[in-house]
Amino acid sequence: MDSNLKNLLSRYDQSQVLNFWEQLSADQQRGLEAQLQSIDFEELKGLINQAFHKTESTINPDSISPLKNSICLPENEKDREEWARARERGHKILDAGKVAAVLVAGGQGSRLGFDHPKGMFPIGPVTDRTLFQIFFEQLLALSNRHGVRIPYFIMTSDATHDETESFLQEHSLFGYPQEDVFLFKQGTMPAVDDKTGKILLKDPSTIAMSPDGHGGMLKAMQRANLFEEMQQRGIDYLFYHQVDNPCVSMCDPAMLGFHVEQSAEISTKVVAKREPGEKVGVLAEFDGKQSIIEYSDLLEEMAQDYDETGRLKYWAGNIAIHIMNRSLLEQLATGDSRLPVHVAHKKVPFVDAAGQQHSPDEPNAYKFERFIFDAIPRAKNPLVIETSREEEFNPVKNAEGNDSPASSQAALLARAQRWMKIARYSCDKKSKIEISPLIALEPKDLEKQFSEGDLEGARIVLSPNSEE
Ligand code: UD1
């Protein structure tokens, strides 16, 4: 064992990770050493301290107040004109090749009970198109339309990387240029015992590590030289989305237009919460700065509070779609300005000093994560833009009920029917329709005449089972 590392462990009182060292094979020893080398022990010491001094609620409710400003959905002609202007401006930004996209796909989707990276989930109501395919096809359509290249950065984790990579290669990136796709892995953080602060071993030769949260994206992008890549390509804006929402409108021109018009460093899309208890973060003011308060941190009485117009005071549900300036992200990637760390109290299986394996029924450990949206209070002129839930937020999160494959598929179907009607196709609630992003990114793209071939080519798909 490297003597510097051994001294380091002893200095930070973490030598228990070597309990089984003598019994490990040379390969296992190398593996454990590599894991240990990846840990920043000074940072970890501070985080353990933070975890042990955390009060019950880290967020003081008196510091939270409702969101002050937002751009709401258009209600009248003047609003519609503003939205049209913003869209026009967004198109110009896309034409100039100033935009890249990032997908965070490191999560394991355990709530959904799908044993693969979530992007592989088949969601198309007619063709079983996967989430990944929908995202790639949108970007392909956009880059063709604007005659530009839009790099797509995909963040994976130890749990999702290999399978994601083989799946995307098997499908030839759904026709997207290889040189514009960048898979990069997020980092990990060790889990520590909640009574002693000692790093846990998952088995005698492996530290219990877990992904460092979607906020880990910044450091991981920097490690993979992706900010440099953006800079070299003259890209100033990064469109951010999560893996679970097939209705996302990638690099939405109106959002881009408003973002630039208002000189925002970060913009966030929201929908009105379905009900007070909906499990979405809310956009609000925290300590006088725009922030996202996670549902677990918002007191129930605050979540239930209505204003005089009958609207929830904390109405603005975070749908995790952002546009962020490259310059801001680069600043937040390193050093003292890194995003804060959230401590989570979780059940973590471990092996004890006697070599006994445990699978706890109660939380026994602290895990550490960063959240990308903690960039909001650090940004100049952060902007919030409302969108329609029906059109743009129908995620796949749970196995059943709200935000499940069934509800998401139904929403995709209803959206396709709505778009066809807007484009004056005859179509009713029984028509099974799926619209490929390669054919239409918005209803007006359907207004041109299509040949039979388009319809047969599974681009617009009218299901043979349609009961029309
Ligand atoms: C998240 C937001 C919530 C928002 C909701 C909207 C957080 C903490 N909360 O909740 O405010 O209202 O989405 O859908 O984000 N991921 C990684 N690496 C990680 C952890 C997560 O890549 O280490 C990715 C996941 O693959 C997923 C996304 O981040 O794409 C969100 O993660 P998830 O844990 O599912 O967040 P939610 O609880 O749904």
Side-chain angles (χ1 to χ4, degrees), residues 58-59 67 101-114 116-121 123 131-132 134-135 153-161 163-164 183-189 191 209-221 240-248 268-284 286 290-298 303 314-322 339-344 346 367-376 384 387 389 392-399 402-404 407-408 411:
T58 42
I59 295 208
L67 182 66
V102 65
L103 164 65
V104 287
Q108 276 177 288
S110 27
R111 263 194 283 166
L112 182 61
F114 180 62
H116 302 281
K118 217 189 236 186
M120 290 167 58
F121 194 85
I123 194 68
L131 288 157
F132 279 140
I134 292 175
F135 306 145
F153 307 133
I154 300 179
M155 186 169 84
T156 58
S157 60
D158 284 337
T160 63
H161 187 86
E163 220 181 335
T164 300
L183 261 64
F184 67 106
K185 241 199 240 187
Q186 71 179 106
T188 52
M189 295 286 280
M209 292 286 221
S210 48
D212 57 358
H214 41 56
M217 176 188 114
L218 298 183
K219 185 116 189 241
M221 281 186 71
Y240 168 102
H241 73 118
Q242 295 192 162
V243 73
D244 53 16
N245 180 18
C247 291
V248 58
T268 305
K269 274 208 183 157
V270 297
V271 296
K273 275 175 77 172
R274 190 164 37 210
E275 20 101 20
E278 184 180 2
K279 290 191 169 167
V280 285
V282 289
L283 271 287
F286 178 66
Q290 192 191 102
S291 305
I292 288 181
I293 313 288
E294 262 311 274
Y295 48 84
S296 45
D297 288 322
L298 189 67
Y314 296 93
W315 63 273
N318 167 36
I319 61 168
I321 293 176
H322 304 284
L339 299 177
V341 173
H342 294 251
V343 179
K346 298 274 172 164
K367 284 184 171 185
F368 305 103
E369 283 190 333
R370 287 186 162 85
F371 295 163
I372 192 67
F373 53 66
D374 284 325
I376 297 174
V384 171
T387 186
R389 180 188 290 271
E392 223 188 321
F393 183 55
N394 297 284
V396 184
K397 290 184 189 285
N398 308 312
N402 281 333
D403 303 339
S404 65
S407 66
S408 180

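By convention here, the first residue in the shown sequence is residue 1. Whatever order the structure lists ligands and atoms in, that order sets their numbers, starting from 1. Since we're looking at a predicted model, the values are computed, not measured.
Between V396 and L112, the closest side-chain pair of non-hydrogen atoms falls below 4.5 Å. Counting only heavy atoms from C-beta outward, the side chains of Y295 and V282 never approach each other to under 4.5 Å. At least one side-chain heavy atom of V102 sits under 4.5 Å from a side-chain heavy atom of M217. Taking 4.5 Å as the limit, some side-chain heavy atom of L283 sits within range of a side-chain heavy atom of N318. For the pair R274/N402, a side-chain contact is recorded, criterion being any heavy-atom separation below 4.5 Å from C-beta on. Side-chain contact between I123 and S408: present, with at least one pair of heavy atoms (C-beta onward) separated by less than 4.5 Å. Side chains of Y240 and L103 form no contact here, defined as non-hydrogen atoms less than 4.5 Å apart.
Salt bridge status for D403 with R111: absent, with no side-chain N to carboxylate O gap under 4.0 Å.
Put simply, atom 36 (O) of ligand 1 has no protein non-hydrogen atoms near it, under 4.0 Å away. The presence of a protein heavy atom under 4.0 Å from atom 33 (P) of ligand 1 is ruled out.
Not a single N or O atom of F371, backbone or side chain, sits closer than 3.5 Å to an N or O atom of ligand 1. Below 3.5 Å of separation, one finds no N or O of D212 facing any N or O of ligand 1. For ligand 1, the polar-atom distance check against G281 finds a nitrogen or oxygen pair separated by under 3.5 Å. Every N/O-N/O distance between I319 and ligand 1 stays at or above 3.5 Å. Any N or O atom pair closer than 3.5 Å counts here, and A320 shares no such pair with ligand 1. Considering backbone and side-chain atoms alike, E294 places an N or O below 3.5 Å from some N or O of ligand 1.
Near A105, meaning under 4.0 Å from one of its heavy atoms, ligand 1 places the atoms 22 (O), 26 (O). Taking every heavy atom of F373 and a limit of under 4.0 angstrom, the matching atoms of ligand 1 come to 7 (C), 8 (C), 9 (N), 15 (O). Heavy-atom contacts of V280 reach the following atoms of ligand 1: 12 (O) (cutoff under 4.0 Å). Counting atoms of ligand 1 from 1 in the listed order, those under 4.0 Å from a heavy atom of K397 are 5 (C), 6 (C), 13 (O), 14 (O), 37 (P), 39 (O). Residue-ligand proximity, Y295 to ligand 1, at heavy-atom distances under 4.0 Å covers atoms 38 (O). Residue F393 approaches ligand 1 through these ligand atoms, each under 4.0 Å from one of its heavy atoms: 6 (C), 14 (O). Taking a cut-off of under 4.0 Å to the non-hydrogen atoms of V243, the atoms of ligand 1 that pass are 26 (O), 30 (O). Shown in contact with R111 at under 4.0 Å from a heavy atom are these atoms of ligand 1, numbered in order with element: 37 (P), 38 (O), 39 (O).
Compare M189, M155, H214 by their heavy atoms: the one nearest to atom 20 (C) of ligand 1 is in H214. Nearest to atom 4 (C) of ligand 1 by heavy atom, out of D374, T188, I293, N318, is N318. Comparing heavy-atom distances from atom 18 (N) of ligand 1 across Q186, R370, K118, H342 singles out Q186 as nearest. Comparing heavy-atom distances from atom 22 (O) of ligand 1 across S157, S110, G187, G106 singles out G106 as nearest.
Heavy atoms of G213 come nearer than 4.0 angstrom to ligand 1 in at least one pair. Residue-ligand proximity: M217 is placed with every non-hydrogen atom at 4.0 Å or more from ligand 1.
Residues N245 and N394 approach most closely at OD1-N, 3.1 Å, considering heavy atoms. Nearest heavy atoms, S407 versus S404: OG-N, 2.9 Å.
The closest side-chain donor-acceptor pair between T387 and E392 falls under 3.5 angstrom.
The nearest heavy-atom contact from the protein to atom 30 (O) of ligand 1 is V104 O, 2.8 Å. In terms of protein heavy-atom proximity, atom 1 (C) of ligand 1 is closest to Q242 OE1, 3.7 Å. When hydrogens are left out, the protein atom nearest atom 25 (C) of ligand 1 is G107 N, 3.7 Å; that is the closest non-hydrogen contact.
How far CE of M155 is from CG of L218: 9.0 Å, rounded to the nearest 0.5 Å. Between atom CZ of residue F135 and atom CD1 of residue I154 there is a gap of 9.5 Å, rounded to the nearest 0.5 Å.
Applying the side chain to side chain contact (heavy atoms under 4.5 Å, CB included) test between D212 and each of Q186, E369, K367 identifies Q186 as the sole match.
In this structure, the ring of F368 has its center no less than 6.0 angstrom from the ring center of H342.
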